[in-house]
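Chain A is the first sequence line, chain B the second, and so forth, proteins listed ahead of strands; every chain is numbered from 1. Remember, it's a predicted structure, so these values are computed and weren't measured experimentally.
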There are 2 protein chains.
Amino acid sequence: MTDHYSISDLAKEFDVTTRTIRYYEDEGLLSPLRRGQTRIYSNRDRTRLKLILRGRRLGLSLEEAGQIVNMYTPGSDNVEQLQALIDKIEQHRHQLYRQRKDIEVMLKDLSEVEKICRQAMVEKHKENQ
Amino acid sequence: MTDHYSISDLAKEFDVTTRTIRYYEDEGLLSPLRRGQTRIYSNRDRTRLKLILRGRRLGLSLEEAGQIVNMYTPGSDNVEQLQALIDKIEQHRHQLYRQRKDIEVMLKDLSEVEKICRQAMVEKHKENQ
DNA sequence: ATCAAAGCTTACGTTAACGTAAAGGTAAAT
DNA sequence: ATTTACCTTTACGTTAACGTAAGCTTTGAT
């Protein structure tokens with residue numbers, strides 16, 4: 001709510017190191033203001049970091065995550081760029097669909113394995129009686 | 001259906017290099033039979049590879065992917081191990097839940113951005129008339 | 001018989017995403 | 001005043017997950 005954060009504020013909130021946040025800046029993903037040398041992060045910066053980390057949790061590279069984050073602030077005004085952006089969105093959407101499918105299958109598989117485990121445990125208990 | 005595959009068979013089917021498959025063997029994730037020096041992959045090997053690659057698409061490390069794959073063939077018979085396995089399953093399940101949530105949010109965001117894009121394009125077309 | 005395709009091992013190279021250490025500046029608390 | 005707790009930059013180190021190249025063997029096809 002305060003609209004400005006220190007680097008360690010964000011580091012604590014999102015459970016990353018300050019090194020990581022500075023690295024993201026080196027890679028052009030963040031560009032906080034400065035008071036003297038010290039970095040000052042706005043709510044916009046904080047949101048960008050949040051989006052980057054969300055991408056990372058899905059296994060995206062920093063470059064891919066950056067692409068997605070940059071979609072939120074187009075900046076490009078001509079029709080071709082807009083169309084290119086829409087195409088990128090479509091690509092990412094399909095990747096997400098695939099991941100979602102993978103997750104569903106994996107969840108189902110895990111349930112199956114758990115079931116077998118529990119049955120095996122029941123057998124073991126019978127043995128010990 | 002043939003129950004045995006060459007390394008390049010699998011490489012083509014799953015769109016990876018043979019180097020990748022051999023690397024997974026080095027890391028103990030696969031252990032194909034041999035005819036002389038040549039590797040021969042069974043359906044079981046093929047399934048393991050498929051599972052590993054599914055894990056990779058979700059951003060898991062090879063080690064994590066390996067853990068999951070090994071759940072499918074418990075091998076351990078004592079109760080403690082079974083309980084440990086069930087705990088691991090629960091952990092992975094929660095990670096998958098989180099990823100699924102991330103995906104839903106991201107899909108929603110992408111739709112939002114696309115909407116804005118399309119509106120901007122409509123404006124541009126009006127200008128050009 | 002030889003030639004191309006595919007297989008093998010060994011080993012060094014590469015890249016992303018940080019970790020870690022050194023050396024220093026600033027500001028508040030004791 | 002000096003300790004504590006931040007902040008900074010620079011720079012070298014590390015690890016996972018392969019890529020790539022060299023050199024050799026095996027095998028099916030012509």
Side-chain angles (χ1 to χ4, degrees), chain A residues 2-42 45-46 48-70 92 95 99 102, chain B residues 2-42 45-46 48-70 92 95 99 102:
Chain A
T2 43
D3 197 26
H4 59 274
Y5 311 87
S6 74
I7 192 166
S8 59
D9 286 342
L10 295 185
K12 279 172 196 162
E13 178 175 1
F14 295 112
D15 195 30
V16 296
T17 67
T18 57
R19 174 68 174 101
T20 295
I21 297 178
R22 291 196 192 97
Y23 178 69
Y24 292 172
E25 183 176 348
D26 282 350
E27 297 297 299
L29 300 176
L30 297 173
S31 38
L33 295 176
R34 301 272 181 146
R35 183 167 51 198
Q37 278 204 125
T38 305
R39 293 168 174 81
I40 300 178
Y41 296 86
S42 67
D45 295 321
R46 178 178 169 280
R48 287 181 65 91
L49 178 57
K50 193 161 106 181
L51 293 173
I52 293 166
L53 295 176
R54 192 156 77 200
R56 220 189 50 170
R57 284 198 301 274
L58 293 174
L60 300 186
S61 69
L62 275 189
E63 195 179 337
E64 289 173 307
Q67 278 188 23
I68 290 189
V69 173
N70 286 330
H92 280 292
Q95 188 178 337
Q99 284 191 310
D102 281 335
Chain B
T2 42
D3 197 24
H4 60 274
Y5 312 87
S6 75
I7 192 167
S8 59
D9 286 342
L10 294 185
K12 280 171 195 163
E13 178 175 1
F14 295 111
D15 195 30
V16 296
T17 67
T18 57
R19 174 67 173 99
T20 296
I21 298 177
R22 289 197 195 95
Y23 178 70
Y24 292 172
E25 183 176 347
D26 281 351
E27 297 297 300
L29 300 176
L30 297 173
S31 37
L33 295 176
R34 302 271 181 148
R35 184 168 50 198
Q37 278 203 127
T38 305
R39 294 168 173 82
I40 299 177
Y41 296 86
S42 67
D45 296 320
R46 179 178 168 279
R48 287 180 65 91
L49 177 55
K50 193 161 106 184
L51 293 173
I52 293 166
L53 295 175
R54 192 156 78 199
R56 293 251 57 211
R57 285 199 301 274
L58 293 175
L60 301 186
S61 68
L62 275 188
E63 196 179 336
E64 289 174 308
Q67 278 188 23
I68 291 188
V69 172
N70 285 332
H92 280 292
Q95 188 178 337
Q99 284 190 311
D102 282 335

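- The structure places OH of A:Tyr5 at 11.0 Å from CG of A:Leu49, a figure rounded to the nearest 0.5 Å.
- In this structure, B:Asp9 places its CG atom 14 Å from C1' of C:dA5, rounding to the nearest Å.
- For A:Arg34, the side-chain contact (heavy atoms from CB on, under 4.5 Å) partners two or more places apart in sequence, or in a different chain, are A:Glu25, A:Arg39.
- B:Tyr24 contributes atom OH, which lies 5.5 Å from atom CG of B:Leu53 (distance to the nearest 0.5 angstrom).
- Rounded to an integer number of Å, the gap from B:Leu10 CG to C:dA6 P is 15 Å.
- Considering only side-chain N and O atoms, B:Ser8 lies under 4.0 angstrom from the phosphate OP1 or OP2 of C:dG7.
- Listed for the B:Asn70 side chain is no donor-acceptor partner under 3.5 Å among the backbone atoms of B:Gln67.
- B:Arg22 has its CZ atom 16 Å from the P atom of C:dA11, to the nearest Å.
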### Task
List the protein contact pattern of nucleotides 15-24 of chain D with one symbol per nucleotide (5' to 3'): B for base contact, S for sugar-phosphate-only contact, - for none; contact means a heavy-atom distance under 4.0 Å.
--BBBB----

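- A:Ser31 meets the side-chain contact (heavy atoms from CB on, under 4.5 Å) test with no other residue; sequence neighbours excluded.
- Taken residue by residue, residues 29-39 of chain A places heavy atoms nearer than 4.0 Å to DNA chain D at A:Arg34, A:Gln37, A:Thr38, A:Arg39.
- For B:Leu60, the side-chain contact (heavy atoms from CB on, under 4.5 Å) partners at least two apart in sequence or on another chain are B:Glu64, B:Ile68, B:Gln95.
- Under the rule for a side-chain contact (heavy atoms from CB on, under 4.5 Å), the partners of A:Tyr23 that lie at least two apart in sequence or sit in another chain are A:Arg19, A:Glu27, A:Leu62.
- By the 4.5 Å heavy-atom criterion applied to side chains, B:Ser6 and B:Ile40 are not counted as neighbours.
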